[in-house]
Protein chains: 2
Amino acid sequence: MKRATLRDIAEALGITAATVSRALKGYPDISSRTKQAVLAVADQLNYAPHPLAVKLRQQEYKVIGVVVPDIMHPFFSDIVSGIVDVVEQLGYHVMLSQSNESYEKEVRVTQMLQATGIDGLLMCLSNETVTVDHLRTLREYDLPIVLFDKISLGLDVSTVVTNDFQGAYDAVTHLLQQGYTRVAHIKGPVHPENSRQRFAGYRAALADYGVPFRPEYVAECQAVTHAEGYAFAQQFLALPEPPEAIFAVTDAVAIGAIGALKEAGQRVPEDMAVIGFSNWTVCELLEPTVSSVVQSGYDIGCRASELLLREIQQLRDDQPREHRHLVLNAAVKVRQSSQRTPAITVA
Amino acid sequence: MKRATLRDIAEALGITAATVSRALKGYPDISSRTKQAVLAVADQLNYAPHPLAVKLRQQEYKVIGVVVPDIMHPFFSDIVSGIVDVVEQLGYHVMLSQSNESYEKEVRVTQMLQATGIDGLLMCLSNETVTVDHLRTLREYDLPIVLFDKISLGLDVSTVVTNDFQGAYDAVTHLLQQGYTRVAHIKGPVHPENSRQRFAGYRAALADYGVPFRPEYVAECQAVTHAEGYAFAQQFLALPEPPEAIFAVTDAVAIGAIGALKEAGQRVPEDMAVIGFSNWTVCELLEPTVSSVVQSGYDIGCRASELLLREIQQLRDDQPREHRHLVLNAAVKVRQSSQRTPAITVA
DNA sequence: CTGAAAGCGCTAACAG
DNA sequence: CTGTTAGCGCTTTCAG
């Protein structure tokens with residue numbers, strides 16, 4: 001069945017499209033007789049307004065673009081879920097894409113998304129991304145942008161991040177307070193701000209507790225994978241004086257490390273404590289259960305969406321746009337892998 | 001900066017918008033002098049065609065809608081990732097929404113998506129969904145639809161599913177061939193076709209191996225959670241003659257069951273074997289590693305997208321639309337939890 | 001109460 | 001080679 005238009009139903013009734021339009025949206029100044037007629041025909045023809053026509057006329061698309069490095073990654077799918085839930089509440093829709101941690105692809109998809117006419121963009125930068133000219137271009141078109149998780153400081157946009165510094169600081173403090181002094185860190189790549197922050201939190205905690213920083217206790221991931229955690233844990237064990245505890249930049253890395261430790265006959269946490277970051281669901285299922293720093297992806301998605309929708313509204317109202325920088329707290333969730341005197345498992 | 005239009009650049013040059021349009025799309029019949037001029041001004045004004053105007057004119061949106069029960073669920077985020085990768089290759093975009101396993105919300109979001117003017121819909125039904133009138137309505141608008149994973153038989157649309165019957169059959173066969181005869185099944189809810197199929201595969205395997213079906217060895221989940229797996233495993237253990245093996249409808253359920261078994265002092269797989277379905281990443285990380293039936297969400301997303309894009313093209317070309325029904329094979333991945341003589345762990 | 005007309009921004013057929 | 005005209009489908013003054 002061909003899509004019915006206002007004119008179709010107008011011609012069927014021998015009236016004009018304008019009248020039909022008004023009848024359908026319940027304008028007060030319309031005779032109830034023609035209104036009935038219009039409604040009847042509309043219903044019979046299965047009429048629905050053509051969305052593109054409406055949006056073109058109204059000059060509002062009600063769609064926001066979302067770019068994450070990897071849709072399959074649980075942290076990002078949590079974020080996307082939060083975004084969808086929040087924006088749909090206000091009648092917006094989400095157009096989703098992924099960069100696969102490639103700078104080149106990130107540039108391509110943001111441009112493609114922009115070309116669809118989105119009202120705003122929510123984005124997490126790829127690990128490869130160092131320059132943000134592709135986003136500057138978008139801002140010249142007055143496109144509201146909110147960055148989350150992996151953000152850029154060289155851009156005047158709103159941001160939402162976890163307090164990586166504080167989360168890391170608290171995680172390492174938790175280890176130090178239990179008497180572990182030789183604490184290692186498997187860090188993330190150089191560029192992303194959040195892996196720098198976690199590293200900074202690690203160093204700050206050591207400093208505050210008077211523990212000397214030892215370069216051989218720091219390893220740096222490229223891809224931030226389970227396999228790297230595994231390899232670096234082995235590397236630590238091979239040191240003349242191995243560490244007693246590891247703070248890993250993510251749970252995947254932490255879990256990989258635990259795997260290597262167990263294979264090497266080490267007991268976790270008795271011989272070596274391990275704590276990760278992100279609090280994946282699996283942390284509760286493993287043996288030992290894995291301590292981690294809780295950051296809610298869903299919340300990040302919600303907060304970022306709220307900021308973006310606010311800016312879109314401000315733009316529409318010709319109000320000055322104000323950028324905000326949210327830093328969400330992270331909480332240490334202690335489980336078996338980092339607890340010297342194993343306690344009762346908390347469900 | 002206000003968005004530049006064709007007219008802006010036309011007026012700046014004292015020519016007409018049509019000429020500008022042609023110049024920009026490199027039509028052959030245009031003087032290279034005006035072409036240069038147009039390009040220069042366009043560039044300077046940061047011109048980009050208004051997507052909605054183009055699409056309205058062209059009567060093509062190049063957007064497909066996707067509805068999954070739960071964006072955060074790894075199986076679905078895998079599927080979404082596959083969809084995005086495939087459709088973007090052809091210049092399409094993905095508008096994403098979720099039903100949260102609620103029939104009511106499913107109806108609402110599909111209607112909202114349809115109202116945005118999408119060219120097609122990819123969807124997995126919620127567990128609650130039994131009637132599909134909301135999709136019938138869409139089909140009256142000639143909207144191409146492809147259902148995947150949780151599908152409905154009462155609708156004339158293309159479908160993509162895992163061969164749940166065969167996967168279940170093979171999983172149970174794998175248990176039976178090792179000599180386990182008292183094989184229990186924790187099944188999914190009644191409605192979804194795939195949990196029925198898994199149940200049917202379970203029964204068929206028992207029948208083919210001459211093992212009597214025992215109703216007390218079947219438990220039925222509502223929410224298909226870790227907690228339910230846990231509870232039902234306890235329930236099985238309490239039977240006068242407990243089973244020796246459990247085939248669980250999903251990995252979450254299997255993992256919950258293993259948790260209960262271990263707590264009850266049972267050894268897995270020596271005392272009780274367990275196998276799940278979906279092959280989550282965590283299956284490799286747990287102890288024992290968890291056997292499962294492999295179904296690639298990413299592939300399902302890719303295949304479903306291909307079918308949908310084909311139908312969209314057929315619709316555009318006024319060709320007859322043909323629906324296909326893909327059934328993707330599932331392979332049993334044997335790990336420790338279901339293997340009587342523990343073998344070498346395969347990475 | 002309803003019709004006529006203009007226009008959102010772009011494209012395409014037809015002239016010239 | 002370029003301008004004119006018409007129209008995608010809808011909304012919204014302005015008349016009447």
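Every chain is numbered from 1 and lettered A, B, ... according to where its sequence line falls, protein lines coming before strand lines.
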May I have the distance from A/Leu45 (atom CG) to D/dG9 (atom P), rounded to whole angstrom? 14 Å
Heavy atoms under 4.0 Å, any strand shown: does B/Lys25 hit a base, just sugar-phosphate, or nothing? sugar-phosphate
Round to the nearest Å and state the distance from A/Glu60 atom CD to D/dT12 atom P. 11 Å
Options D/dC10, D/dG3, C/dT2, nucleotide nearest the side-chain atoms of B/Ile15: D/dG3
Measure from the side chain of B/Ala18, starting at C-beta and using heavy atoms only, and say which of C/dA12, C/dG3, D/dG3 lies closest. C/dA12
Could you check whether A/Ile30 gets within reach of a base, just the sugar-phosphate, or nothing at all, counting any heavy atom under 4.0 Å? sugar-phosphate
Tell me if the side-chain of A/Arg7 makes a donor-acceptor pair with the base of D/dG7, cut-off 3.5 Å, by modelled atom types. no
Is it the case that B/Tyr298 and B/Asp85 place a side-chain donor and acceptor less than 3.5 Å from each other? yes
B/Leu121 pairs by side chain to side chain contact (heavy atoms under 4.5 Å, CB included) with which of B/Leu308, B/Leu135, B/Ile64? B/Leu135
Just call it for B/Thr16: base, sugar-phosphate, or nothing, with non-hydrogen atoms closer than 4.0 Å on any strand. base
Would you say A/Arg324 has more than 12 foreign heavy atoms packed within less than 6.0 Å of its CZ? no
Give a yes/no answer on whether the side chain of B/Thr34 brings an N or O atom under 4.0 Å of OP1 or OP2 in D/dT2. yes
What is the distance, rounded to the nearest whole Å, between atom CG of B/Leu56 and atom C1' of D/dG7? 9 Å
Hey, which sits more toward the 5' end of DNA chain D by its nearest nucleotide, B/Lys35 or B/Ala53? B/Lys35
Separation of C/dC8 C1' from B/Gln58 CD (nearest whole Å): 16 Å
Is there a donor in the side chain of A/Thr16 and an acceptor in the side chain of A/Thr19, or the other way round, less than 3.5 Å apart? no
Could you tell me the separation between the CG atom of B/Leu24 and the P atom of C/dA12, rounded to a whole number of Å? 13 Å
Phosphate OP1/OP2 of C/dT2 contacted by A/Ser31 side-chain N/O (<4.0 Å): yes
Are OP1 or OP2 of C/dC10 and a side-chain N or O of B/Tyr47 less than 4.0 angstrom apart? yes
Using a heavy-atom cut-off of 4.0 Å across all strands, would you classify A/Leu52 as base, sugar-phosphate, or nothing? nothing
Compare side-chain N and O positions of A/Gln59 against OP1 and OP2 of C/dG7 and report whether any pair is under 4.0 Å apart. no
What is the distance, rounded to the nearest whole Å, between atom CD1 of A/Ile9 and atom C1' of D/dG9? 13 Å
Nearest whole angstrom, please: distance from the P of C/dG3 to the CG of A/Leu13. 10 Å
Side-chain N or O of B/Thr5 closer than 4.0 Å to phosphate OP1/OP2 of C/dC8: no
Below 4.0 Å: OP1/OP2 of D/dG3 and any side-chain N or O of B/Thr19: yes
Would you mind reading off the distance between B/Leu6 atom CG and D/dG7 atom C1', rounded to a whole angstrom? 16 Å
Any A/Tyr27 side-chain nitrogen or oxygen under 4.0 Å from OP1 or OP2 of D/dT12: yes
Check A/Lys105 with A/Glu128, please: is the shortest side-chain N to carboxylate O separation under 4.0 Å? no
Checking side-chain polar atoms at under 3.5 Å, does B/Thr131 have a donor or acceptor matched by the opposite partner on B/Tyr103? yes
